[in-house]
Protein chains: 2
Amino acid sequence: MPTGRRERKKAATRQKIADAALRLFLERGYDAVGIRDVAAEADVAVTTLFSHFASKEALVFEQDEDFEQRLTRAVTGRAAHEPLVPALRREIQALVRHCTADSAAPIWRMIDASPALREYEESMRLRHAESLATAIAADPGLSVTPTASRAIARFVIDAYSLAREAADPQAAVGEIFQMIEAAWDVTCPSGDSAGTATGTAGP
Amino acid sequence: MPTGRRERKKAATRQKIADAALRLFLERGYDAVGIRDVAAEADVAVTTLFSHFASKEALVFEQDEDFEQRLTRAVTGRAAHEPLVPALRREIQALVRHCTADSAAPIWRMIDASPALREYEESMRLRHAESLATAIAADPGLSVTPTASRAIARFVIDAYSLAREAADPQAAVGEIFQMIEAAWDVTCPSGDSAGTATGTAGP
DNA sequence: ACCATAACACTAACGGTTAGGGTTTTGAAT
DNA sequence: ATTCAAAACCCTAACCGTTAGTGTTATGGT
């Protein structure tokens, strides 16, 4: 019961749709491609497409669940007694590096050019912040109020979003995380801010 | 040339549409009311409605420009030498009090119930954060990097958003602004954190 | 009195999305 | 091997927000 044929076929269909969509979007532009075009290119019915993706925008952010999981695992899966904020900083740095890579540039250029995609990404980020807040609040080694955990989660997501748009993304992550570290120290009873990397410097 | 008849009529039409929309939305629910219903109730053509409001969601957030102006004026219009963060805290407190008042409850219940409205509000908040960041960056009395000003602006908007949803909104504003104050002190060369409300565990 | 233009109206359409109702494929139980 | 329920898929037709195109009226300045 691990990998039935049904699940494999379903995943293949999903991927076929996502690939067709991305190809067309990059070729002709997001707005110039209709849902019916994508469905035809992937050789599926429109209703099938919408049974795999909740909206046209979701076709572009195919792997947002990976993103969400990486964030929460940076919290739940970190080494024992490892402080929270540096772990999050490392993860955000990796994510920013990943999505500012040259290979991802055309996709992000497309996203930045489309208000609909930007808006969708914003609401995705809010979902991610909420997941992150839940993970932080659930950590038995930390004792923070619900409000503080939600605030820190939002700040971390803000860091990602702002760094991605900054002239020097890596430096921006460093700069904003200095601020987050300070904000965190206010809420956290234990005063060990060990790991507060002052650095702005790159790799 | 201040109040010509034309401008008055235009404003009246706009208000007539907004009133009709809010009435129908609260009566029957946002999703159950179509644009054509609103236009009919306001006795205007659909195209006229869309020449006053950019989208269906914008009908609900009629006064979002006030919100934006209050934020930027809290920065640009504060007393000389008054520290930034406490001024912002006061403004956010007032805004939160305003939109958690009993009279506003039905509207916010409607917004919270509609994904489309929530998403629209999120993108509105991002616009507001951007305006706020511009105002902060333009303040000659402050010397902050663009990234830091954008980060602080987002944090402030986050405070508003989180406080509105918190069990005790006023307390949440206080709690988050302690964090913001600490984050601000990191970026700001002058160490005068005068106005840091309640107990801060300083570094 | 005249005219450029703002404000409004009407129709028809476009494009994302969904409901309704069908067919085929799959996994499992007999 | 047969049977069966559910999953995955397909098709058609529509709904609804939104816009283009085009025309009409009211307004304010000259």
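In what follows, every heavy atom counts, from backbone to side chain, and hydrogens, waters and symmetry copies are set aside.
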Novice: Roughly how many Å is it from CZ in A:Arg5 to C1' in C:dT25, rounded to a whole number?
Specialist: 9 Å
Novice: With ring-ring contact (aromatic ring centres under 6.0 Å, His included) as the rule and sequence neighbours excluded, what pairs involving residues 115-144 of chain B come up?
Specialist: B:Phe61-B:Tyr120, B:Phe67-B:His128
Novice: Please report the closest heavy-atom contact between B:Ala87 and B:Ala74, naming both atoms and the distance.
Specialist: CB-O, 3.9 Å
Novice: Nearest whole angstrom, please: distance from the P of C:dT5 to the NZ of B:Lys10.
Specialist: 16 Å
Novice: Find the distance B:Phe53:CZ to D:dG17:P and express it as a whole number of Å.
Specialist: 15 Å
Novice: Report yes if a side-chain nitrogen or oxygen of A:His52 is closer than 4.0 Å to either non-bridging phosphate oxygen (OP1 or OP2) of D:dA8; otherwise report no.
Specialist: no
Novice: Check A:Arg73, A:Arg78, A:Arg70 against A:Glu91 for a side chain to side chain donor-acceptor pair (under 3.5 Å) and give me the one that passes.
Specialist: A:Arg70
Novice: Report the distance from atom CZ of B:Arg8 to atom P of D:dG28, rounded to the nearest whole Å.
Specialist: 8 Å
Novice: Which one of B:Gln15, B:Lys16, B:Arg23 satisfies the side chain to side chain donor-acceptor pair (under 3.5 Å) criterion with B:Asp19?
Specialist: B:Gln15
Novice: Looking at A:Tyr30, is A:Lys56 sitting on its ring face, NZ or CZ under 6.0 Å from the six-membered ring centre and within 45 degrees of the normal?
Specialist: yes
Novice: Taking five pairs at each end of the helix from C:dA1-D:dT30 to C:dT30-D:dA1, what angle separates the two helix axes (nearest 10°)?
Specialist: 20°
Novice: Could you state the interatomic distance from CD (B:Glu68) to OG (B:Ser131), rounded to the nearest 0.5 Å?
Specialist: 3.5 Å
Novice: Have a look at B:Asp37 and say if it touches a base, only the backbone sugar-phosphate, or nothing, with a 4.0 Å heavy-atom cut-off.
Specialist: nothing
Novice: If I take atom CG in residue B:Leu59 and atom C1' in nucleotide D:dT18, what distance separates them, rounded to the nearest angstrom?
Specialist: 13 Å
Novice: What is the distance from CG of B:Leu49 to P of C:dA9, rounded to the nearest Å?
Specialist: 10 Å
Novice: Please tabulate the protein-to-nucleotide N/O contacts below 3.5 Å involving nucleotides 12-18 of chain C, giving atom names and distances.
Specialist:
unit_1 : atom_1 : unit_2  : atom_2 : d
C:dG16 : OP1    : A:Lys56 : NZ     : 2.8
C:dG16 : OP2    : A:Ile35 : N      : 3.0
C:dG16 : N7     : A:Arg36 : NH1    : 3.2
C:dT17 : OP2    : A:Lys56 : N      : 2.8
C:dT17 : O4     : A:Arg36 : NH2    : 3.1

Novice: Under a 3.5 Å distance rule, please check whether B:Glu82 uses its side chain to pair with a backbone N or O of B:Ala79 as donor and acceptor.
Specialist: yes
Novice: Just N and O in the side chain of A:Lys9: are any of them under 4.0 Å from OP1 or OP2 of C:dT25?
Specialist: no
Novice: Which whole-number value in Å describes the distance from A:Glu7 CD to D:dA7 P?
Specialist: 12 Å
Novice: Determine, for B:Arg127 against B:Asp64, whether the closest basic-nitrogen to carboxylate-oxygen distance falls under 4.0 angstrom.
Specialist: yes
Novice: Base, sugar-phosphate, or nothing: which does A:Arg6 touch, judged by heavy atoms less than 4.0 Å apart?
Specialist: base
Novice: Counting only side-chain nitrogens and oxygens, does A:Ser51 get under 4.0 Å of the OP1 or OP2 atom of D:dA8?
Specialist: no
Novice: Could you tell me if B:Arg154 and A:Ser161 have a donor-acceptor pair between their side chains, going purely by distance under 3.5 Å?
Specialist: yes
Novice: If the cut-off is 4.0 Å, is A:Thr48 near the phosphate of D:dC10, judged by side-chain N/O to OP1 or OP2?
Specialist: yes
